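Because the structure is a prediction, the values reported are computed rather than measured. What's counted below: heavy atoms across the whole structure, side chains too, no hydrogens, waters or symmetry copies.
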Amino acid sequence: MGSCRVLVSVCAVALLACNPVQTHAQVADLRATMVDDGADAADAPASVVPSIIPAQEDEPAHPRRRKKITDPYMPPPMGDGPIEYRASLAVQGVYTSNVKGSATAPLGDIGLRVAPTVSFNTNWSRHEWHGTLNGDFIAYAGTPSANSSTGSIETGGRVDIRRDTQLDLDANLSTSLSTPGDPEIPGAATGPARNWSFNSSGALTHDYGPLAVRTKVAVLRNAYDDVALSGGGVEVNADRNYWEPSLAVRGTFGSSGARLKPYVELTYDPRFHDTVPDRNGQNRNSQGGGIAVGMTLDDGPIWMGDISANFIARDYDDPALKTAMALGLNGNLTWSPTPLWSFVANSGVGLSESEQAGVSATPNWNAGLQANYALRENVNLKAGFNVSASSNAGGLDTTTVASLGADWQLNPYLSLSGSLQSTWFNAASGAGNYNEQRVMTGVVVRH
């Protein structure tokens with residue numbers, strides 16, 4: 001009998017000793033399930049998370065961050081080495097209601113669009129290098145003069161000099177077309193005008209702790225091809241070509257890992273034209289500069305972006321050209337309230353060179369919003385809206401673009417895509433207003 005009492009006493013002591021450990025583990029498991037993507041442990045009821053549980057030292061700095069979602073329809077990259085490659089090819093049929101952007105005699109046409117893309121990036125443990133080549137070609141059946149070919153090539157990288165110092169290098173070359181609605185395109189032009197832009201930069205950033213300083217040096221080259229005119233004439237645009245070196249210094253305030261970091265940036269960017277004087281006998285060389293006050297936001301993937309209030313000015317060597325100034329917002333902001341929805345807002349302000357006599361520069365602004373909804377894991381719905389405005393002698397010329405689209409990924413390598421886009425151009429003078437509706441549908445091959 002005495003031995004039975006001893007055995008019962010030993011079992012009771014063992015149960016009492018084990019019970020707190022089991023309770024602690026159970027609460028920890030429940031706490032882990034409650035601390036989901038968007039909730040903190042502090043949000044759990046006090047009855048579930050008792051005060052005897054110590055704070056977890058290994059909790060992430062950003063508890064709101066969602067776990068990275070792997071896209072099952074993203075094809076694996078090409079190459080097993082330190083550099084990964086990706087490629088895609090879009091082939092689409094095109095219909096437009098106003099192929100020439102005409103205000104008086106809109107002409108519909110059909111065409112074929114081919115858009116290849118090749119990109120690469122490194123997966124090194126330190127440093128980084130990437131590059132992308134884009135092309136976009138459209139050929140029309142009935143209006144060859146409206147055929148378009150645009151594209152860009154860019155490359156860049158990051159060199160980790162020290163833990164708190166890095167060097168970013170970037171270079172890109174792009175070509176675009178100015179439509180007949182552009183005020184810089186003569187009314188007698190037989191087609192769009194081609195523009196070229198080359199930009200290269202190097203930015204050195206050093207983190208002092210509560211202050212990070214970035215010094216960026218860049219060179220911009222803008223060039224404009226000649227424009228063919230009806231009747232056999234040609235508009236020579238060599239006097240519009242210019243070089244623009246620039247120096248920008250930015251100070252960003254905030255400790256490492258802070259979600260919100262304010263900054264101030266000062267920029268100096270003179271312009272030097274190839275031909276002085278220009279076609280109107282004016283010297284368009286100028287001194288430019290600006291100040292930006294903004295902030296970076298890193299609360300990804302829910303909020304991410306960089307936005308600033310900018311004031312820019314440009315003073316010309318020719319006293320007959322007035323100093324040009326503009327005030328506006330620059331930047332982009334991404335909001336992903338759920339894994340299914342994402343919204344991207346962007347805006348910009350600039351001073352574009354003018355070829356008109358007595359007009360120094362034309363301030364311009366743009367703002368847009370893009371939305372994406374994942375209807376299914378392989379079906380994405382898209383919508384966009386963008387407004388751009390350019391100052392003219394009589395007021396503002398505005399271009400409004402609205403679009404709807406969908407992508408249906410059949411498998412990781414093949415998808416169907418379609419879009420509807422409407423464009424409205426309104427000139428300040430009221431002359432030259434036009435609108436265009438464009439439909440594109442086809443397939444996209446990826447690897």
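Residue L260 places its CG atom among more than 12 non-hydrogen atoms of other residues, nucleotides or ligands, all under 6.0 Å distant. A 6.0 Å sphere centred on CZ of R376 holds no more than 12 heavy atoms belonging to other residues, nucleotides or ligands. Applying the 6.0 Å contact sphere to NZ of K261 captures more than 12 heavy atoms from other residues, nucleotides or ligands.
Salt bridge status for E353 with R271: present, with a side-chain N to carboxylate O gap under 4.0 Å. Salt bridge annotation for D207-R163: absent, with no cationic side-chain nitrogen under 4.0 angstrom from a carboxylate oxygen.
Ring geometry for Y208 against H206 counts as perpendicular: the plane angle is over 60°, on a 0 to 90° scale with 30° as the lower cut. Taking the six-membered ring for Trp and thresholds of 30 and 60 degrees, W129 and F120 have ring planes more than 60 degrees apart, a perpendicular arrangement.
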*asked:* Determine whether R314 and D269 satisfy the following criterion, salt bridge (charged side-chain N to carboxylate O under 4.0 Å, His left out), listing intermediate values before the conclusion.
replied: CA-CA 9 Å; R314 184 158 298 280; D269 48 359; 3.4 Å; yes

*Apply side chain to side chain contact (heavy atoms under 4.5 Å, CB included) to the pair R279 and E355, showing each step before the final yes or no.*
CA-CA 8 Å; R279 68 191 69 182; E355 64 174 3; 2.7 Å; yes

*side chain to side chain contact (heavy atoms under 4.5 Å, CB included) assessment of M440 paired with Q421*: CA-CA 9 Å; M440 293 190 295; Q421 178 179 293; 5.7 Å; no

*asked:* Apply salt bridge (charged side-chain N to carboxylate O under 4.0 Å, His left out) to residues D160 and R158 and explain how you reach the verdict.
replied: CA-CA 6 Å; D160 297 324; R158 184 194 72 251; 2.9 Å; yes

*Quick one: do L396 and S391 satisfy side chain to side chain contact (heavy atoms under 4.5 Å, CB included)? Show the steps, please.*
CA-CA 5 Å; L396 290 176; S391 179; 4.2 Å; yes

_Let's go through S417 and Q92 carefully: what are the C-alpha distance in whole Å and the side-chain angles of both, what is the deciding distance for side chain to side chain contact (heavy atoms under 4.5 Å, CB included) to 0.1 Å, and is it a yes or a no?_
CA-CA 8 Å; S417 67; Q92 297 177 312; 2.9 Å; yes

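Across N330 and G348, no two heavy atoms sit closer than the pair OD1-CA, 2.9 Å. The two residues N310 and L327 make their nearest non-hydrogen contact at O-CD1, 3.1 Å. Across L381 and A406, no two heavy atoms sit closer than the pair CD2-CB, 3.9 Å. Residue G368 comes nearest to N386 through the heavy atom pair CA-OD1, 3.5 Å, listed as atom of the first residue, atom of the second, then distance. Among all heavy-atom pairs drawn from P363 and M325, the shortest one is CG-O, 3.8 Å. The shortest heavy-atom contact between S354 and T362 is CB-CG2, 4.2 Å.
Counting heavy atoms from C-beta on, the side chains of P277 and Q282 never come closer than 4.5 Å. Between L333 and I307 there is no side-chain heavy-atom pair separated by less than 4.5 Å.
The distance from atom CG of D397 to atom CG of N364, rounded to the nearest 0.5 Å, is 11.0 Å. For the atom pair CD1 of I153 and OG1 of T132, the computed distance is 9.5 Å after rounding to the nearest 0.5 Å. Considering CZ of R194 and OG of S148, their distance stands at 8.0 Å, rounded to 0.5 Å. Interatomic distance, OG1 of T155 versus CG of L173, reported as 12.5 Å (0.5 Å rounding). Taken to the nearest 0.5 Å, the CZ atom of F425 stands 10.5 Å off from the OG1 atom of T400. With rounding to the nearest 0.5 angstrom, the CG atom of N283 is 11.0 Å from the OH atom of Y316.
Q370 and N372 share no donor-acceptor pair across their side chains, judged by distance under 3.5 Å alone. Judged by distance alone, the side chains of R86 and T117 never bring a donor and an acceptor atom under 3.5 Å apart. When only modelled atom types and interatomic distance are considered, S347 and W365 share no side-chain donor-acceptor pair under 3.5 Å. A donor-acceptor contact under 3.5 angstrom links the side chains of D315 and T323, judged on distance only. Between the side chains of Y242 and N222, a donor-acceptor pair is found at a separation under 3.5 Å. Y268 and Q287 are linked by a side-chain donor-acceptor pair at a separation below 3.5 angstrom, with hydrogens and angles left out of the test. Residues T423 and R438 bring no donor and acceptor atom of their side chains to less than 3.5 Å of each other.
Using modelled atom types, no side-chain atom of D299 and backbone atom of I302 make a donor-acceptor pair closer than 3.5 Å. Counting only distance, with no hydrogens or angles, the side chain of N378 and the backbone of Q409 share a donor-acceptor pair below 3.5 Å. Side chain of S97 to backbone of Q437: a donor-acceptor contact under 3.5 angstrom is found. At least one donor-acceptor pair closer than 3.5 Å links the side chain of N147 to the backbone N or O of Y140. Looking only at distances, no side-chain donor or acceptor of S336 sits under 3.5 Å from a matching main-chain atom of T338. Panel note: side chain N433, backbone A427; a donor-acceptor pair is recorded below 3.5 Å.
Because its NZ or CZ atom is not both nearer than 6.0 Å to the ring centre of F198 and within 45° of the ring axis, R221 does not count as a cation-pi partner of that residue.
Checked against a 6.0 Å centroid threshold, the rings of W335 and F343 count as neighbours.
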